[in-house]
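Inspection log for the structure reproduced underneath, given as structure tokens.
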Amino acid sequence: MADHYEVLGVSRDASPEEIKKAYRRLARELHPDVNPGEDASERFKLVTHAYDVLSDPEQRQRYDMGGDGSPFGAGGAGFGGFGDIFETFFGGGGGARVGRPRSRRERGQDALVRVTLDLKDVVFGTHRDIEVDTAVLCETCDGSCCQPGTQPVTCDICHGAGHVQRTVRSLLGNVVTSQPCTTCQGYGTTIPYPCATCLGQGRVRARRTVSVDIPGGVETGLRLQLPGSGEVGPAGGPHGDLYLEVTVAHDEIFSREGDDLLATLEVSMPDAILGSTATITSLDGDVDLEVRAGVQSGDVLTIKGRGITPLRGGNRGDLRVGVQVVTPTKLGPRERALIEDFAKKTKAPAPQLAQFHQGLFSKLRDRLRG
């Protein structure tokens, strides 16, 4: 089993701040949203478990003494003795062993916050300061759960064991069982003077601001994980994680297809015949688009590099503009005479059946996607 200190890359006498700093550095490097490799995912799990153990003073002390998965513990890789089996079935261990008292410090719960982005935020990425209603460390007791100047006292019922034993008669004879102490709730200590601010919880509800850089390329339904940004645990336990669930708002002009942006350009009949230059207001500024002479409805004009920045990095997608030629519906006498004269001179064929084609909108959709 890997040594937790080696996993985090710190010495065995590292301070809590050094352990926290090492974990944050490795979490940023190995997080699945940044490093999707399978090896990185396994290392991320090892790093997170190592931090959970070493950031808890009680768990770290047991680990340093050879317990709870320490590579220096005796018998860590094999089965326990008869007492372990006995404890599994009867909760006692034949009267020889008693379970450890519970720790008041527990990991905080994860939190989920939904954030709505504009399509422009998706193109370039954005920075957000998000208000989160969560549990934070009690500043009065600093997570001790006690009034300042006081401390927990050993339970006078279980004498710090967290469990009480009682003898039960059975077919096997007298069996000693162990159960959590109801006086101290299994903690082994009681708090005679709870902190008045947090009511002995070591944490309080508060609204805090979390700053986050949201990368470009996100889409509706994607969840971003922020390790250690969730609520603080009871008695000042480790923070849970914060998850941001993204929703991309509808845009009236542009839609998304992968890393490309799609838009429709209405072109008048004269411009479609003669050609023209259109100035398009894209999400990152104006860009000129050449409309070639003779363009048809359903044709797609592409502007390179004006699409969305991929989530995993790389070149931006394209802006793909579908053309829709607009036929005038109301003509004055002079305009109508000009069109009739044009029709006579060009001798256009009469309308007739031709090879079947898909409808304009389905054809435009397929061309944009293809």
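FYI, the numbering just counts along the sequence from 1. No experiment lies behind these values; they were computed from the predicted model shown.
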Using atom types as modelled and distance alone, determine if a side-chain donor or acceptor of [X] lies under 3.5 Å from a backbone N or O of [Y].
X    : Y    : result
D318 : T302 : no
R104 : T189 : yes
T183 : I157 : no
D271 : S268 : no
R105 : G236 : yes
H239 : S229 : no
E335 : G332 : yes
Q61  : E58  : no
R205 : D133 : yes
T48  : F44  : yes

Q) Does the pair Y243 and L226 meet the rule for a side chain to side chain contact (heavy atoms under 4.5 Å, CB included), with working shown? A) CA-CA 6 Å; Y243 290 87; L226 304 179; over 6 Å; no
(Q) Could you walk me through whether E257 and R320 satisfy the salt bridge (Lys or Arg N to Asp or Glu O under 4.0 Å) test, starting with their C-alpha distance in whole Å, then the side-chain angles of each, then the deciding distance to 0.1 Å, before giving a yes or no? (A) CA-CA 10 Å; E257 182 75 23; R320 305 168 69 185; over 6 Å; no
Does the side chain of [Y] come within less than 4.5 Å of [X]'s, by heavy atoms?
X    : Y    : result
D118 : D251 : no
D259 : R316 : no
V321 : L289 : yes
C181 : H163 : no
R60  : H4   : no
M269 : P328 : yes
L119 : V248 : yes
T126 : L117 : yes

(Q) Could you walk me through whether D142 and S144 satisfy the side-chain hydrogen bond (donor to acceptor under 3.5 Å, both in side chains) test, starting with their C-alpha distance in whole Å, then the side-chain angles of each, then the deciding distance to 0.1 Å, before giving a yes or no? (A) CA-CA 6 Å; D142 198 28; S144 71; over 6 Å; no
Scan side-chain atoms only and decide if [X] and [Y] contain a donor-acceptor pair under the 3.5 Å cut-off.
X    : Y    : result
Y51  : D56  : no
T279 : D288 : yes
R102 : Y187 : yes
Y23  : R28  : no
Q165 : S178 : no
H127 : D129 : yes
E131 : T209 : yes
S282 : R306 : yes

Mark yes when over 12 heavy atoms from residues, nucleotides or ligands other than [X] sit less than 6.0 Å from its [atom1]; otherwise mark no.
X    : atom1 : value
R43  : CZ    : no
R334 : CZ    : no
E139 : CD    : no
Y193 : OH    : no
F342 : CZ    : no
N315 : CG    : no
Q151 : CD    : no

Q. Checking side chain to side chain contact (heavy atoms under 4.5 Å, CB included) for the pair R208/T134: CA distance, chi angles, key distance, verdict?
A. CA-CA 7 Å; R208 65 186 179 93; T134 184; 3.3 Å; yes
Between [X] and [Y], does any side-chain N to carboxylate O distance fall below 4.0 Å?
X    : Y    : value
R128 : D121 : yes
E340 : R336 : yes
R107 : D241 : yes

Q) If two hydrophobic side chains count as joined below 4.5 Å and joins carry through other members, does V287 share a cluster with I308? A) yes
If you round to the nearest 0.5 Å, how far is [atom2] of [Y] from [atom1] of [X]?
X    : Y    : atom1 : atom2 : answer
T190 : D156 : OG1   : CG    : 7.0 Å
R203 : C141 : CZ    : SG    : 12.0 Å
Q109 : L112 : CD    : CG    : 12.5 Å
D13  : Y5   : CG    : OH    : 8.5 Å
T220 : L222 : OG1   : CG    : 9.5 Å
L319 : L261 : CG    : CG    : 6.0 Å

Q. Yes or no on side chain to side chain contact (heavy atoms under 4.5 Å, CB included) for V47 and L8, after CA distance, side-chain angles and deciding distance?
A. CA-CA 6 Å; V47 166; L8 293 178; 3.8 Å; yes
Q: Could you give me the CA-CA distance, side-chain angles and deciding distance for I130 and L244, then say whether side chain to side chain contact (heavy atoms under 4.5 Å, CB included) is met?
A: CA-CA 10 Å; I130 300 174; L244 296 183; 3.6 Å; yes
Q) Do you know the tightest heavy-atom contact between P238 and S55? A) CG-OG, 3.8 Å
Q: I would like to know whether D3 and R12 meet salt bridge (Lys or Arg N to Asp or Glu O under 4.0 Å); could you show each step before the answer?
A: CA-CA 10 Å; D3 181 14; R12 301 189 70 81; 3.2 Å; yes
(Q) Using side-chain hydrogen bond (donor to acceptor under 3.5 Å, both in side chains), reason through T264 and Q324 one step at a time and then give a plain yes or no. (A) CA-CA 7 Å; T264 299; Q324 182 176 354; 5.6 Å; no
**Q.** Test salt bridge (Lys or Arg N to Asp or Glu O under 4.0 Å) applied to R292 and D299, step by step
**A.** CA-CA 10 Å; R292 65 182 181 274; D299 287 350; 3.0 Å; yes
